[in-house]
Q: 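What follows is a structure written as structure tokens; I'll ask about it next.
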Amino acid sequence: MSIIKSSLINLKGHKLRVFVTLLWIIMGITSSILVSSIGNGLKKEVTDSVSRVNPNKTRIYFESSDSNMANMETFKLEDIDELSFIEGVERIGASKDDFSMGSMYYSDAYFDKKTTYVDIKEFNGDDKIVPVFGRSFSYDDDNRKVIIITMQNAIDLFNAPEEALGKGITINNHIYEVIGVIDENSIRNNAESNVDNMYYGDMNYIYSYMPSKAFNDLMNQFSYPQDIYSLDLVVSKGYDMYEVSNNVINKLYELHPDINGSYNIDDPTEATKELESMVSTINKFVTLITAISMFVGGVGVMNIMYVSVMERQREIGIRRAIGAKPLDILIQFLVEAIFITILGGIIGIVIGFIVVNYASNYLPFKAIPNINSLLFASVTTVVTGTIFGIVPAIKASKLDPIKA
């Protein structure tokens with residue numbers, strides 16, 4: 001106990017030296033927690049993205065052996081009808097990317113005897129839509145035929161926009177309930193909006209929106225591009241995706257016997273492997289950053305302890321002369337080194353969590369500190385103090401008391 005007390009008294013008498021040493025440790029711990037938290041957040045984002053991918057869905061595309069594909073029809077509308085009867089095919093249709101201007105649907109909408117032209121986009125959960133009348137989409141709307149229309153659509157069909165709410169408009173013989181009305185001002189003035197709309201000069205061109213399922217049904221059943229470059233295939237549950245995909249490809253070869261090239265499928269496992277490889281690289285990077293940070297902090301501790309040993313040679317000599325053993329001297333200096341690193345570690349952990357919460361506001365995903373980061377940082381600080389403090393401590397314990 002007297003050794004610990006003596007160590008604390010010595011540290012208290014050298015505040016500036018201790019403060020400089022603490023800075024090394026604090027910066028190392030803070031940076032390791034920040035980087036590991038960003039790595040955890042990115043890993044979760046990647047995992048969530050992979051889990052959102054439908055494992056029964058793939059894309060069939062064509063690779064030509066002829067550089068001139070100008071007059072080559074690799075996919076036809078008639079192919080879709082033929083392919084839909086293959087066993088195991090739940091749904092097949094032209095890829096959304098083949099539609100002009102992305103995944104949008106254009107059509108006339110009707111109410112009573114009035115009509116308007118609608119440009120419809122799929123609602124993304126990240127979009128922030130603030131209707132001027134009605135409401136935005138909720139979780140319960142995922143399986144419903146609902147739509148948010150533009151102010152111009154509402155005026156064309158109902159004269160007064162607020163009268164559109166709760167009414168059903170007809171699009172391709174299907175009725176969709178209007179739950180909201182948006183205009184260019186609500187989009188433009190919504191500072192947090194991520195809604196992808198087009199601007200023409202001072203005019204903001206906005207779209208109507210549907211939930212994913214209603215929009216996909218509309219696209220798959222009623223709208224196809226003039227030129228099809230790839231097909232999206234959804235395989236029924238219980239069937240092997242590769243087997244069904246190969247059957248579809250074989251059928252395409254039958255439908256296009258003179259085609260000069262090959263039909264292929266996107267392998268979803270390849271994308272998963274790439275994402276997993278990226279996460280693994282990030283984890284290695286986190287480990288490297290932590291090791292470098294703690295090494296730098298440890299060198300700082302060792303340098304300070306060496307200076308302390310040189311300055312306190314007289315003290316060490318006196319203590320040895322009155323009976324202190326080399327082990328007592330070693331423990332005292334080791335305690336000082338460990339105390340500095342633990343104190344720096346605690347402060348670094350607190351600051352690290354504060355920095356992580358602040359950094360999350362500027363990242364596209366949330367940085368996630370976890371208990372593993374905390375335990376790793378704690379263990380690392382103790383190990384750093386022990387390893388880098390033991391060398392100066394051994395030097396101090398071996399000093400000749402007469403020379404000291």
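We count residues from 1, following the sequence as given. Heavy atoms only: backbone and side chains are in, while hydrogens, waters and symmetry mates are out.
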Q: Can Ile120 and Ile171 be said to form a side chain to side chain contact (heavy atoms under 4.5 Å, CB included), step by step?
A: CA-CA 11 Å; Ile120 307 172; Ile171 303 174; 3.8 Å; yes
Q: Return the set of residues passing side chain to side chain contact (heavy atoms under 4.5 Å, CB included) with Asn264 (not counting sequence neighbours), or none when no residue passes.
A: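 Checked Asn264 against side chain to side chain contact (heavy atoms under 4.5 Å, CB included); matches are Tyr61, Glu63, Ser262.
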Q: Side-chain contact test, heavy atoms from C-beta onward, threshold under 4.5 Å: evaluate it for Phe123 versus Ile148 and give yes or no.
A: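 Phe123 vs Ile148: side chains apart.
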Q: Under the rule for side chain to side chain donor-acceptor pair (under 3.5 Å), what residues qualify as partners of Lys251, not counting sequence neighbours?
A: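 For Lys251 there are no side chain to side chain donor-acceptor pair (under 3.5 Å) partners, ignoring immediate neighbours.
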Q: Could I get the full list of ring pair (Phe, Tyr, Trp, His ring centres under 6.0 Å) partners for Tyr358, not counting sequence neighbours?
A: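 If we apply the ring pair (Phe, Tyr, Trp, His ring centres under 6.0 Å) test to Tyr358, skipping adjacent residues, the hits are Tyr362.
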Q: Of all heavy-atom pairs between Ser360 and Ala367, which one has the smallest distance, and what is that distance?
A: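 Closest approach of Ser360 to Ala367: OG-N, 3.2 Å.
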Q: Name all residues meeting the ring pair (Phe, Tyr, Trp, His ring centres under 6.0 Å) criterion together with Phe133; count only those two or more places apart in sequence or in a different chain, and write none if there are none.
A: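 Ring pair (Phe, Tyr, Trp, His ring centres under 6.0 Å) list for Phe133, sorted by chain: empty.
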Q: Quick one: ring pair (Phe, Tyr, Trp, His ring centres under 6.0 Å) partners of Tyr239, sequence neighbours excluded?
A: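 With neighbours one apart ignored, the set is empty.
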Q: Decide yes or no for His256 and Thr74: does some side-chain heavy atom of the first lie under 4.5 Å from some side-chain heavy atom of the second?
A: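 They are not in contact (no side-chain heavy atoms under 4.5 Å apart), so the answer is no.
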Q: Ile147 and Ser208: which non-hydrogen atoms are nearest, and at how many Å?
A: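 Ile147 and Ser208 have their closest heavy atoms at CD1-CB, 4.3 Å.
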Q: About how many Å separate CE of Met210 and CD1 of Ile149, when rounded to the nearest 0.5 Å?
A: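 Taking CD1 in Ile149 and CE in Met210, the distance rounds to 10.5 Å.
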Q: Which atom pair, heavy atoms only, marks the closest approach of Ile26 to Gly344?
A: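 Of all heavy-atom pairs spanning Ile26 and Gly344, the closest is CG1-O, 3.5 Å.
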Q: Determine all donor-acceptor pairs shorter than 3.5 Å in which one atom belongs to a side chain in residues 157-168; sequence neighbours excluded.
A:
| residue | atom | partner | partner atom | Å |
| --- | --- | --- | --- | --- |
| Asn159 | OD1 | Lys114 | NZ | 3.3 |
| Lys167 | NZ | Glu163 | O | 2.9 |

Q: Ile92 and side chain to side chain contact (heavy atoms under 4.5 Å, CB included): which partner among Val244, Val235, Asp81, Leu231?
A: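 So the option named by the test is Leu231.
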Q: Closest heavy-atom contact between Ala214 and Arg144?
A: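 Between these two residues, the closest heavy atoms are CB-O, 3.9 Å.
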Q: Parallel, tilted or perpendicular: which describes the rings of Phe75 and Tyr263, with under 30° parallel and over 60° perpendicular?
A: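 Ring orientation, 0 to 90° scale: perpendicular.
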Q: For Tyr110, which residues count as a side chain to side chain contact (heavy atoms under 4.5 Å, CB included) partner, sequence neighbours excluded?
A: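 Only Asp108, Thr115, Thr170 meet the side chain to side chain contact (heavy atoms under 4.5 Å, CB included) criterion with Tyr110.
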Q: Which pair of non-hydrogen atoms, one from Tyr209 and one from Glu122, has the smallest distance, and what is that distance?
A: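 Shortest heavy-atom contact: CD2-O, 4.0 Å.
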Q: Kindly write out the residues that satisfy side chain to side chain contact (heavy atoms under 4.5 Å, CB included) with Ser245, not counting sequence neighbours, or none if the list is empty.
A: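 Ser245 satisfies side chain to side chain contact (heavy atoms under 4.5 Å, CB included) with Thr58, Leu233, Met241, Ile265 once adjacent residues are dropped.
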Q: Would you say the side chains of Gln152 and Asp156 form a donor-acceptor pair under 3.5 Å?
A: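 Short answer, yes.
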Q: To the closest 0.5 Å, what do you measure between CD1 (Ile347) and CD1 (Ile351)?
A: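 One gets 6.5 Å once the value is rounded to the nearest 0.5 Å.
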Q: Listed by chain and number, what are the side chain to side chain donor-acceptor pair (under 3.5 Å) partners of Arg135, not counting sequence neighbours?
A: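 So Arg135 forms a side chain to side chain donor-acceptor pair (under 3.5 Å) with Asp141.
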Q: Using side chain to side chain donor-acceptor pair (under 3.5 Å) as the criterion, list what pairs up with Glu78, not counting sequence neighbours.
A: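 Expected list: none.
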Q: Taking C-beta and beyond as the side chain, do Ser212 and Asp142 meet within less than 4.5 Å on heavy atoms?
A: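 No, every pair of side-chain atoms sits at 4.5 Å or beyond.
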Q: Minimum heavy-atom separation for Ile179 to Ser136, with atom names?
A: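 Shortest heavy-atom separation between Ile179 and Ser136 comes out as CD1-O, 4.0 Å.
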Q: Please list, chain by chain and in numerical order, all residues satisfying side chain to side chain donor-acceptor pair (under 3.5 Å) with Thr150, sequence neighbours excluded.
A: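 Once residues adjacent in sequence are excluded, the partners of Thr150 under the side chain to side chain donor-acceptor pair (under 3.5 Å) criterion are Asn153.
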Q: Quick one: side chain to side chain contact (heavy atoms under 4.5 Å, CB included) partners of Asp258, sequence neighbours excluded?
A: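 Asp258 satisfies side chain to side chain contact (heavy atoms under 4.5 Å, CB included) with no other residue.
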